[in-house]
Trainee: 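Sharing a structure with you now.
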There are 2 protein chains.
Amino acid sequence: MSVTSDSEIGTARIHQEEILEAAALCFMERGYNASSIDDVARRLGSTKGRIYHHYRSKADLFADVYRYGMELNAAAIKPLCGAYDDPVEKLKAMAKVHCLTMLRTRPFQRCVWEGVSLLMRGATTPEQRETLVELQGLRESYAIRFREVIEDARESGKTDFESSGIATQIFLMALNSPIFWYSPRDTDDDEQLNEIASRCTRFALQGLGIGKEYLQDV
Amino acid sequence: MSVTSDSEIGTARIHQEEILEAAALCFMERGYNASSIDDVARRLGSTKGRIYHHYRSKADLFADVYRYGMELNAAAIKPLCGAYDDPVEKLKAMAKVHCLTMLRTRPFQRCVWEGVSLLMRGATTPEQRETLVELQGLRESYAIRFREVIEDARESGKTDFESSGIATQIFLMALNSPIFWYSPRDTDDDEQLNEIASRCTRFALQGLGIGKEYLQDV
DNA sequence: CTTGGAGCATACTACCGGGTATGTTGTCAA
DNA sequence: TTGACAACATACCCGGTAGTATGCTCCAAG
């Protein structure tokens with residue numbers, strides 16, 4: 001991992017992304033603890049050596065999968081941040097894009113999910129604890145993006161709920177839900193994903209009390 | 001496990017329920033795979049021997065936790081089944097009770113959740129596979145109860161969604177969500193739980209498109 | 001052309017945890 | 001009183017897995 005030039009960093013990332021994807025698939029299918037490093041290696045058609053050359057431990061590998069998943073999320077909603085006046089319109093766009101990202105990068109998002117509830121405990125080494133807090137921070141700051149817009153929407157009088165904290169939790173949960181109950185078709189039709197995302201988004205927005213007149217174009 | 005009389009079955013259940021609760025707590029905190037039988041035993045202040053006297057394997061123990069959790073769910077909504085004319089009112093009641101049960105029996109419900117996504121894979125022994133299908137069936141038939149009422153509500157024209165399958169999934173997800181983001185207060189105030197359940201229920205019903213005029217008394 | 005290191009593979013160790021075999025104690029019925 | 005069994009505890013085995021130590025190969029710089 002002692003790379004020097006930028007190009008070498010680039011190629012290293014490429015090699016690692018291959019590993020990341022295989023790891024995400026394994027972790028999604030069997031969970032973190034039930035997946036062995038050998039499982040990941042087997043999926044890559046290689047051996048442990050390759051993985052341990054790039055990652056110091058299984059926990060490190062998982063952390064990188066988690067981080068990558070969160071990066072995908074952050075990148076997806078980034079273009080929307082300064083592009084709307086109406087908070088409801090902004091929330092609509094963010095929700096839809098978030099849900100679509102969930103569906104398109106499902107293995108990584110399942111890992112993010114497991115990481116939240118699983119790595120919290122498990123209390124491994126002291127320095128991994130530190131990494132974990134950082135990852136948890138990524139997730140929280142992402143959620144706060146939504147929470148702020150939800151609060152703005154409430155101030156505009158177009159919603160009706162009490163606690164924005166709770167509302168944000170249920171809201172995101174509704175948007176995340178398809179990564180659990182949706183199994184991608186053999187024809188991974190992007191139209192199909194769009195349909196699912198639309199319905200989830202509409203449900204979530206209506207859940208906040210946003211009127212149906214705002215939901216025609218979702 | 002070779003009990004004979006009814007009373008002995010009763011006492012056996014009592015002893016086992018103690019184990020079930022400890023197991024549910026362990027599985028909730030660290031997940032199934034990360035929890036060892038010794039962990040469960042330690043929480044009970046005993047040793048492996050006690051657990052393996054009542055359960056033939058770790059998977060059997062987990063299955064019983066799962067089953068118990070589903071029994072709690074089924075028992076909670078049972079009184080509501082024939083008590084309503086308006087499907088929307090029935091759905092309201094079922095949703096509220098379901099959400100409250102989630103909150104009150106959180107450790108078991110977390111196990112039910114993990115069981116769904118984790119035991120599906122993992123493909124252990126062939127006969128455990130059989131048990132697993134049975135448990136999966138419990139969960140599905142429970143979900144169908146909701147789906148039917150949701151379909152009735154749609155036919156009454158008080159909702160607006162396309163696929164009742166997807167709607168049911170998101171609906172239940174919204175109601176289940178607090179078992180993940182709600183940490184019980186030291187004062188396990190039942191009023192507090194009621195408040196959470198109310199908000200989740202309102203969100204879920206609104207998500208289906210049910211008008212706010214129906215949600216005053218939730 | 002050689003040497004150092006990246007990028008793996010191979011072989012091995014150490015340990016944890018599921019499962020078992022066996023011992024111990026209390027209780028209850030005959 | 002005794003034996004039989006439930007309800008555990010103790011001691012042990014053993015397979016799987018994280019992690020390591022080392023070997024191999026190719027490439028690029030000097």
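Values in this document were obtained by computation on a predicted structure and should not be read as measured data.
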Trainee: Could you tell me how far apart A:Lys48 (NZ) and C:dT13 (C1') are, to the nearest whole angstrom?
Mentor: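 In whole Å, C:dT13 C1' lies 10 Å from A:Lys48 NZ.
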Trainee: Using atom OH of B:Tyr52 as one end and atom P of D:dC12 as the other, report the distance to the nearest whole Å.
Mentor: 19 Å
Trainee: How close do A:Ala167 and A:Phe161 get, heavy atom to heavy atom, and via which atoms?
Mentor: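 Looking at all heavy atoms of both residues, the shortest contact is CB-CD1, 3.6 Å.
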Trainee: Please tell me if the side chains of A:Ile77 and A:Tyr142 come closer than 4.5 Å, counting only heavy atoms from C-beta onward.
Mentor: yes
Trainee: How long is the line joining CG of A:Asp39 and C1' of D:dG16, in whole Å?
Mentor: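 One finds 11 Å between C1' of D:dG16 and CG of A:Asp39, rounded.
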Trainee: Could you check how far CG of B:Asp38 sits from P of C:dG19, rounded to whole Å?
Mentor: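 Rounded to the whole Å, the gap is 12 Å.
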Trainee: Given atom CD1 of A:Ile19 and atom C1' of C:dG7, what is their separation to the nearest angstrom?
Mentor: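 Taking atom C1' of C:dG7 as the reference, CD1 of A:Ile19 is at 10 Å.
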Trainee: Hey, does B:Thr47 reach any base, or is it just sugar-phosphate, or nothing, if we go heavy atoms under 4.0 Å?
Mentor: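 Touches a base.
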Trainee: Between D:dT20 atom P and A:Arg56 atom CZ, what is the distance in whole Å?
Mentor: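 Taking CZ of A:Arg56 and P of D:dT20, I get 10 Å after rounding.
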Trainee: Does B:His54 have a side-chain nitrogen or oxygen under 4.0 Å from the phosphate oxygens OP1 or OP2 of D:dC8?
Mentor: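 For D:dC8, OP1 or OP2 has a side-chain N or O of B:His54 closer than 4.0 Å.
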Trainee: To the side chain of B:Ser57, which of D:dA18, C:dG19, D:dA9 is closest?
Mentor: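 Comparing D:dA18, C:dG19, D:dA9 against the side chain of B:Ser57, the answer is C:dG19.
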Trainee: Could you tell me the separation between the CD1 atom of B:Ile51 and the P atom of D:dA6, rounded to a whole number of Å?
Mentor: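 One finds 19 Å between P of D:dA6 and CD1 of B:Ile51, rounded.
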Trainee: Search all heavy atoms of B:Leu103 against all heavy atoms of B:Ala197 and return the closest pair with its distance.
Mentor: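 Looking at all heavy atoms of both residues, the closest pair is CD1-N, 4.1 Å.
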Trainee: Taking the minimum atom-to-atom distance to the side chain of A:Arg50, which one of C:dG19, D:dC8, C:dA9 wins?
Mentor: C:dA9
Trainee: In whole angstrom, give the distance that lies between atom CZ of A:Phe27 and atom P of D:dT17.
Mentor: 13 Å
Trainee: For A:Glu71, is there an ion pair with A:Arg67 - N to carboxylate O distance below 4.0 angstrom?
Mentor: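 Answer for the salt bridge query: no.
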Trainee: Would you say B:His53 reaches D:dA7's phosphate, i.e. side-chain N/O to OP1/OP2 under 4.0 Å?
Mentor: yes
Trainee: Looking at B:Gln109, B:Arg145, B:Arg139, B:Lys78, which one forms a side-chain hydrogen bond (donor to acceptor under 3.5 Å, both in side chains) with B:Asn73?
Mentor: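 Looking at B:Gln109, B:Arg145, B:Arg139, B:Lys78, the match for B:Asn73 under the side-chain hydrogen bond (donor to acceptor under 3.5 Å, both in side chains) is B:Gln109.
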Trainee: Where each residue is assigned the nucleotide of DNA chain D containing its nearest heavy atom, which of A:Gly49 and A:Asn33 is assigned the position nearer the 5′ end?
Mentor: A:Asn33
